Every structure is written in C-alpha cells, then in structure tokens.
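In what follows, every heavy atom counts, from backbone to side chain, and hydrogens, waters and symmetry copies are set aside. Treat the numbers as computed from the prediction; the structure is a model and nothing was measured. Residue numbers start from 1 in every chain, and the chains themselves are labelled A, B, ... in the order their sequence lines are given, proteins ahead of strands.
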Number of protein chains: 2
Amino acid sequence: MSIDRRSGCPINLSLEVFGDRWSLIILRDMIFGGRRHFRELLNGSLEGIASNILADRLKRLMELGLLTKADDPSHKQKAIYSLTEMAITLVPIMAQLGAWGRVWLPVTEELSIRAELLEKGGPPLWEQFMDELRHEHVGAPSKTPPGTPTVRQQLRAAYEEVVARKAEAPSV
Amino acid sequence: MSIDRRSGCPINLSLEVFGDRWSLIILRDMIFGGRRHFRELLNGSLEGIASNILADRLKRLMELGLLTKADDPSHKQKAIYSLTEMAITLVPIMAQLGAWGRVWLPVTEELSIRAELLEKGGPPLWEQFMDELRHEHVGAPSKTPPGTPTVRQQLRAAYEEVVARKAEAPSV
DNA sequence: GCAACTGATTGCAAAATGCAATCGGATTGG
DNA sequence: CCAATCCGATTGCATTTTGCAATCAGTTGC
C-alpha cells in the first residue's frame, strides 16, 4: 500500500504518490471543491469514482501524509478529511497541470475557467489560496487582510458567470 | 488506447494523458536524459521499464501527440523519437513536480540536484531549456546567445559534482 | 419504528501490469 | 561469409489493479 521506491528521483517518487487515475482527482475536489466528507467526494465528482476505490485512496493518502481524518462533532458517524501542508503545497502543480491541459486538451469552458483564473493570478494568487487552505484545514491564522474576497469565492464567481452566459446564449 | 474523457476538466484530462506509472518517466528520460532510442529508454532508466510497456507507451504518446517517430538515417533499423511542442511544454510541470518531491519525499541527493537547479533557475531557466529542446527535437532555431552553457550541460555538471563530492567523502 | 444516510466492505469480472522469452531483420567483427 | 550482437518490438502468462454493483452495520431525523 505504501510507496514502491523504484528510485530516489523526485519525479519518480512524486509519480508513485499520485501517478494513478484517482488520487489527484480526490485532492482536486478537496482543494478546489472544498469537499471534506466521504459522500461529498463520492457523489460530487464529475468523474464518478467507485466507493471502494475512494475508500482505498483516502486510506492511502492518509498513510502517505497528505490527508488526516477526524470525527465530525455534529454527527457521530461522519468523518471529516483535512488536507495537510504536504497536500496544500500541491496547488502550484495543480495550477500548472490545469494550464497545460487547457492549452493541449479538449477541456470544456465551464471547467477550465478556474484553471484560467489560477493561471492569470500566478504565484501570488496561489499563495493566497494556500493560505486560505491552511486556515480551513490546518487551523492556521489567515494572513490575508480581512475583506479581501477569497480565492474560492473568485473561483466560484468565475464559474457561475460562465454558466450564466452559456444559459442565455446557448451555442449548441 | 486513446483518451477516456471522463470529464472536460483540465486536471482530469491531463491525468488521463499521464496519470500512470510510466508515461512521465519516459518523458523525463527524453527531456532531461536526452534519450531518443528505444534501447536507451529501455536500459537507461533507473526504474527498469519492461519492453512491452515501453512499446505500448511510446505508441500511446505518439497517438496523443506528445511524440513523433522517424527513421534514423545512420541505421536502417533505428527509430528516433522526438518531443513535440506539447511534450516540451511539460517542463514547468516537471519542475514543479520535482520541487514538490524534493521537499516531501525521500529523494536521493544525486537525483534531486537537477530538480534543485531547475527550481532555483525558475521560469527563465525553464524557458531556456524549452528553447534548447525545440532546437534539438523540432529543429527550431535557437534563441539563446551562442556561448551560453546549455541547461543540459548545467544539469550534467551539477550531477557530476555531487557524485564526485560523494566519492571523496563517502557518508555511508 | 423506520426510512434515509453515514463511511465503508465484499464479490466478481475485466483490464492493466510485470516479467521472461522470443521474433525477424540489420549491423558489426573477424 | 558467417556468427554474434543489436534493433524495435511482440507474445504468453501469472499477478495485480480497476470498475461496478450489492451490501453492511451504525446513526440520524421524523
């Protein structure tokens, strides 16, 4: 279940962590979609992960140190998953991955608007986003000045705007 | 063999391209190791890819537009694989992946020195490297001033330096 | 009480992977 | 000229991983 360690190359070791079809998808939904519960991840993702795979990956990501699990006080059965610093620092990789995919792959507009915003914002926006995630997941005090719109709000607004524009002027 | 298209999300589509254990390893060896032939990729990589998997992935990467294949004029049997622009623009992703792995995973010093150099050099160095790759693989004219040491030379020198230092002061 | 929901687990078929052996053609050394 | 070697794969087969549906036992809301 843990790591193979085929070689000590950083790229190889990174691939052994999330060189599969689901681990990064789960982290994407937690980072950008704000999902924290098993069912949210199960039903919320567009790609339709199976529950056994999800359970397996969550376990694996915890073992690798990317996630932690805690009891949700509001519900004795609910578990709440949190991103660790190790996972939060994946934001730049996610941003680059999104930027590359947007250029070379048949992405849909609604789904790529977030990647575009993240690309345009560059490293400063990534830092602000990572700061927010640390606040939400690790409980760290936020360094962004109060009143600043959160990155998640910006991402959401950009998405809504595209959806609204498409609804009023359907192209297909 | 081609793409699943589970969703139009850029991160998902990117994962469908190289969300497996070997595709990025092959591209890494071509980009950073300068390997162009089947046997070089087969025997040269530390991770020990099987020949059938290598053949499968080379075919797949060609179908996806990341590689092209041409006859080697010097040897009627040899094929030479080239990176396309699509593959060359993976350099920033590779750099970020290496940087992340260097922080969070048990990398070895010899193998992570290249990631370190690439991280320190930042986007300008990435651009220079991509320019070199375009020159080597696509035949584009190089924009870097003559006399400048190539990134590949710098990467090689940094690696040699670590190996030499380790040889004269063995820690284990 | 009971239906709906919680985070999972089980069983099973299908696909991917890892590994070793092998292929036919091309080249090289003597 | 001929054997050995090298070339990019291909084949067969056992093991592992994946995808999918059904199911589980405990919790909650009504």
Side-chain angles (χ1 to χ4, degrees), chain A residues 1-7 12 15-26 29-30 33 35-64 67-83, chain B residues 1-7 12 15-27 29-30 33 35-64 67-82:
Chain A
M1 175 61 78
S2 70
I3 232 173
D4 262 14
R5 224 163 281 191
R6 299 179 299 187
S7 87
N12 174 58
L15 273 181
E16 293 189 11
V17 170
F18 36 69
D20 74 278
R21 273 181 142 48
W22 291 112
S23 299
L24 263 195
I25 294 288
I26 294 169
D29 286 345
M30 291 189 68
R35 308 191 206 282
R36 310 284 299 258
H37 300 287
F38 191 94
R39 292 281 156 165
E40 287 178 340
L41 289 162
L42 187 63
N43 304 321
S45 95
L46 295 161
E47 291 86 9
I49 189 170
S51 69
N52 56 345
I53 307 276
L54 176 58
D56 178 80
R57 290 306 186 279
L58 286 173
K59 187 177 153 204
R60 191 180 132 92
L61 290 171
M62 286 193 293
E63 286 174 2
L64 292 171
L67 299 180
T68 58
K69 180 162 99 168
D71 292 337
D72 186 329
S74 75
H75 190 302
K76 281 184 184 164
Q77 225 173 357
K78 269 188 181 170
I80 187 159
Y81 292 92
S82 299
L83 301 166
Chain B
M1 176 60 76
S2 70
I3 231 171
D4 261 16
R5 221 163 284 192
R6 300 179 299 187
S7 88
N12 174 58
L15 274 181
E16 294 189 9
V17 170
F18 36 69
D20 73 280
R21 272 178 143 46
W22 291 112
S23 299
L24 262 195
I25 294 288
I26 294 169
L27 291 166
D29 286 344
M30 291 190 67
R35 309 192 204 281
R36 312 283 300 258
H37 300 288
F38 191 93
R39 292 281 157 164
E40 286 177 342
L41 289 163
L42 187 63
N43 304 321
S45 95
L46 294 161
E47 290 85 8
I49 189 169
S51 69
N52 56 346
I53 307 277
L54 176 58
D56 179 80
R57 290 305 185 281
L58 287 173
K59 187 178 154 203
R60 191 180 132 91
L61 290 171
M62 285 193 293
E63 286 173 3
L64 292 172
L67 298 181
T68 59
K69 179 163 98 168
D71 292 337
D72 185 330
S74 76
H75 189 305
K76 280 183 184 163
Q77 226 173 358
K78 270 188 181 170
I80 188 159
Y81 292 92
S82 298

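Contact between B:Leu58 and B:Leu67 at its shortest, heavy atoms only, is CD2-CD1, 3.7 Å. Looking at every heavy atom in both residues, B:Arg5 comes nearest to B:Glu16 through N-OE1, 2.6 Å. Shortest non-hydrogen contact noted between B:Asp20 and B:Ser23 is OD1-OG, 2.6 Å. B:Val17 and B:Arg60 make their closest contact through O-NH2, 3.1 Å (heavy atoms, listed as atom of the first residue, atom of the second, distance).
Residues passing the side-chain hydrogen bond (donor to acceptor under 3.5 Å, both in side chains) test with B:Asp72 are B:Ser74, sequence neighbours excluded. By the side chain to side chain contact (heavy atoms under 4.5 Å, CB included) test, B:Ser82 pairs with B:Arg36, B:Thr68, B:His137, sequence neighbours left out. Under the rule for a side chain to side chain contact (heavy atoms under 4.5 Å, CB included), the partners of A:Ile25 that lie at least two apart in sequence or sit in another chain are A:Trp22, A:Arg28, A:Asp29, A:Glu47, B:Arg6, B:Asn12, B:Leu15. Checked against salt bridge (Lys or Arg N to Asp or Glu O under 4.0 Å), A:Arg35 has no partners two or more places apart in sequence or in another chain.
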Every protein N/O within reach of nucleotides 26-28 of chain D N/O, cut-off under 3.5 Å:
| unit_1 | atom_1 | unit_2 | atom_2 | d |
| --- | --- | --- | --- | --- |
| D:dG26 | N2 | A:Gln77 | OE1 | 2.5 |
| D:dG26 | N2 | A:Gln77 | NE2 | 3.3 |
| D:dG26 | N3 | A:Gln77 | OE1 | 3.3 |
| D:dG26 | N3 | A:Gln77 | NE2 | 2.7 |
| D:dT27 | O4' | A:Gln77 | OE1 | 2.9 |
| D:dT28 | OP1 | A:Lys76 | N | 2.9 |

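Atom-to-atom, CG of A:Leu42 to P of C:dT9 comes out at 14 Å; the value is rounded to the nearest Å. Here D:dC7 presents its P atom at 13 Å from CG of B:Leu54, a figure rounded to the nearest Å. Going from atom CG of A:Leu15 over to atom P of C:dT17 covers 13 Å, rounded to whole Å. Taking atom CG of residue A:Leu58 and atom P of nucleotide C:dT6, one finds them 15 Å apart after rounding to whole Å. Regarding B:Phe38, its CZ atom lies at a distance of 17 Å from the P atom of C:dC23, rounded to whole Å. One can place CG of B:Asp72 at 17 Å from P of D:dC6, the figure rounded to the nearest angstrom. Distance A:Glu40 CD to C:dC5 P: 14 Å, rounded to the nearest Å.
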(message) Treating primed atoms plus P, OP1 and OP2 as sugar-phosphate and everything else as base, which nucleotides of nucleotides 13-24 of chain D get B, S or - for protein heavy atoms under 4.0 Å?
(response) -----SBB-B--
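Side-chain N or O atoms of B:Arg39 include none that pairs as donor or acceptor with a backbone N or O of B:Gly44 at under 3.5 Å.
Contact check, B:His37 against D:dC7: no side-chain N or O comes under 4.0 Å of OP1 or OP2.
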